[in-house]
Q: 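This is the structure, below, for whatever I ask next.
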There are 2 protein chains.
Amino acid sequence: MKNIELMAKQLKAVSDPNRLKLLACLKKGEVCACDFVDVLNISQPAVSQQLKKLKEAGIIVDRPAGTWKHYRLNEMQQPYIQAIIDHLDEISFQRCDC
Amino acid sequence: MKNIELMAKQLKAVSDPNRLKLLACLKKGEVCACDFVDVLNISQPAVSQQLKKLKEAGIIVDRPAGTWKHYRLNEMQQPYIQAIIDHLDEISFQRCDC
DNA sequence: ATATTATATAAGTAAATAATTATACAGTAA
DNA sequence: TTACTGTATAATTATTTACTTATATAATAT
């Protein structure tokens, strides 16, 4: 895949309000997948699908933790993705007890 | 419109290979709309529609010049858009005689 | 005025997107 | 084992997207 195609794919992954909110939640560190349902106010499968897109674009990574799955930002980002993350205001939310 | 919605709209405008190529062509300065048809290898109306999306997102501006229309990057960009432009390699192309 | 040229808009279409509900899968606990 | 819980996948649907061709608009030239 050409460079510009890869860039377009990554940008497409972040060009959605719900996925930007996911990134905003992740600015402080790891978050349990279950917490996102209340933040976005969409169904659990929808959250799962959005997380998948960010993961496939290499922007976030996951870590299984028993029944749960914790997500965090990839520590290495393309500069243009990092600039987007930097520009997002953090979103605070109610955490589950996992 | 909330901040994050505006951000998503701008990012959506640049999350397409053809529109990224348009920006890459514009890095050096003004370009006549007609030149883009050969660069993207799509129809003239398709080019016109893609330029419109970038313009509506505030990323490029146009300047009528007789029958022609010249496009250039907006001099003020959001930092996350500027980072994308900075990351693009310039594209050189055959210029028309307008 | 008409003809020509560059660009924009309209209408239509195939593919992609983002949600939904239903179901499957995986790990933990009894 | 079975039951329960968190997450992922499948199937469906409405909307959006990015083209196409055809047509309209606007400026220039004759």
Side-chain angles (χ1 to χ4, degrees), chain A residues 1 4-23 25-26 30-57 59-72 93-98, chain B residues 1 4-5 8-23 25-26 30-57 59-72 93-98:
Chain A
M1 197 193 281
I4 216 158
E5 306 283 341
L6 247 170
M7 219 178 147
K9 184 189 173 182
Q10 282 203 307
L11 290 171
K12 191 157 288 186
V14 297
S15 67
D16 172 85
N18 278 341
R19 291 195 291 275
L20 286 175
K21 287 176 193 169
L22 290 177
L23 297 183
C25 289
L26 290 167
E30 259 190 4
V31 179
C32 180
C34 64
D35 289 328
F36 292 127
V37 175
D38 284 343
V39 175
L40 300 188
N41 203 30
I42 57 178
S43 67
Q44 174 271 321
V47 170
S48 183
Q49 288 160 18
Q50 301 289 47
L51 287 167
K52 189 180 183 182
K53 290 197 179 186
L54 289 170
K55 187 184 166 190
E56 284 177 344
I59 295 169
I60 64 174
V61 296
D62 58 10
R63 179 176 66 87
T67 318
W68 296 276
K69 206 137 175 191
H70 292 193
Y71 284 88
R72 64 176 188 276
F93 51 91
Q94 187 64 41
R95 290 182 182 263
C96 69
D97 55 352
C98 68
Chain B
M1 199 193 281
I4 217 159
E5 306 283 341
K9 185 190 172 182
Q10 282 203 306
L11 290 171
K12 189 157 290 186
V14 297
S15 66
D16 172 84
N18 278 340
R19 291 194 292 274
L20 286 175
K21 287 176 192 167
L22 291 178
L23 297 183
C25 289
L26 290 167
E30 260 190 3
V31 179
C32 179
C34 62
D35 290 328
F36 293 127
V37 175
D38 284 344
V39 175
L40 301 188
N41 203 30
I42 56 178
S43 67
Q44 173 271 321
V47 170
S48 183
Q49 288 159 17
Q50 301 291 46
L51 287 167
K52 189 180 184 182
K53 290 198 179 186
L54 289 170
K55 188 184 165 189
E56 285 178 343
I59 296 169
I60 64 174
V61 296
D62 58 10
R63 179 176 67 86
T67 318
W68 296 276
K69 205 135 175 192
H70 292 193
Y71 284 88
R72 63 175 188 276
F93 51 92
Q94 188 64 41
R95 291 183 181 262
C96 68
D97 56 351
C98 68

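Throughout, protein chains are lettered first and strands after them, A, B, ... in sequence-line order, and every chain is numbered starting at 1. Note that this is a predicted model, so its numbers are computed, not measured.
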Q: Counting distance only, does the side-chain N/O of E30(A) pair as donor-acceptor with the main-chain N or O of H70(A) below 3.5 Å?
A: no
Q: Please work out if C32(A) contacts a base, only the sugar-phosphate, or nothing of the nucleic acid, heavy-atom cut-off 4.0 Å.
A: sugar-phosphate
Q: Could you walk me through whether K55(B) and V61(B) pass side-chain contact (heavy atoms from CB on, under 4.5 Å), step by step?
A: CA-CA 6 Å; K55(B) 188 184 165 189; V61(B) 296; over 6 Å; no
Q: Round to the nearest Å and state the distance from I42(B) atom CD1 to dA14(C) atom P.
A: 19 Å
Q: What is the distance from CG of D97(A) to P of dT5(D), rounded to the nearest Å?
A: 12 Å
Q: Measure the distance from CG on L51(A) to C1' on dA8(D) and round it to the nearest whole Å.
A: 11 Å
Q: Rounded to the Å, how far apart are F36(A) CZ and dG6(D) P?
A: 16 Å
Q: Using a cut-off of 4.0 Å on non-hydrogen atoms, how would the nucleic acid contact of K55(A) be classed: base, sugar-phosphate, or nothing?
A: nothing
Q: How long is the line joining CG of L54(B) and P of dT17(D), in whole Å?
A: 13 Å
Q: Is K53(A) near enough to dT17(C) that one of its side-chain N or O atoms lies under 4.0 angstrom from OP1 or OP2?
A: no
Q: Can you tell me how far C1' of dG6(D) sits from CG of D38(A), to the nearest Å?
A: 14 Å
Q: Taking the nucleotide of DNA chain D with the closest heavy atom to each, which residue, S15(B) or V47(A), is nearer the 5' end?
A: V47(A)
Q: Indicate for each nucleotide in nucleotides 21-30 of chain D, in 5' to 3' sequence, whether protein heavy atoms under 4.0 Å reach the base (B), only the sugar-phosphate (S), or nothing (-).
A: BB----SS--
Q: How many whole angstroms separate atom CD of Q50(A) from atom P of dT9(D)?
A: 14 Å
Q: Between the axis at one end of the helix from dA1(C)-dT30(D) to dA30(C)-dT1(D) and the axis at the other (five pairs apiece), what's the angle to 10 degrees?
A: 10°
Q: Among V14(B), L26(B), L22(B), find the residue that satisfies the side chain to side chain contact (heavy atoms under 4.5 Å, CB included) test when tested with I59(B).
A: V14(B)
Q: Side-chain contact, heavy-atom cut-off 4.5 Å: V39(B) with V31(B)?
A: no
Q: Spell out, as yes or no, whether a donor-acceptor pair under 3.5 Å connects the side chain of S48(B) to the backbone of P45(B).
A: no
Q: Kindly compute the distance separating CZ (R19(B)) from CG (L40(B)), expressed to the nearest 0.5 Å.
A: 11.0 Å
Q: What do the steps show when you test Q50(A) against D16(A) for side-chain contact (heavy atoms from CB on, under 4.5 Å), and what is the final call?
A: CA-CA 9 Å; Q50(A) 301 289 47; D16(A) 172 85; 3.6 Å; yes
Q: Would you give the length of the straight line joining atom SG of C25(A) to atom OH of Y71(A), rounded to the nearest 0.5 angstrom?
A: 14.0 Å
Q: Is the phosphate of dT9(C) approached by K52(B) (side-chain N or O, under 4.0 Å from OP1 or OP2)?
A: yes
Q: In whole angstroms, how far is the C1' atom of dT20(D) from the CG atom of N18(B)?
A: 14 Å
Q: If you look at every strand shown and take non-hydrogen atoms under 4.0 Å, does Y71(A) touch a base, only sugar-phosphate, or nothing?
A: sugar-phosphate
Q: Less than 4.5 Å apart, side chain to side chain, heavy atoms only: is that true for K69(A) and R63(A)?
A: no
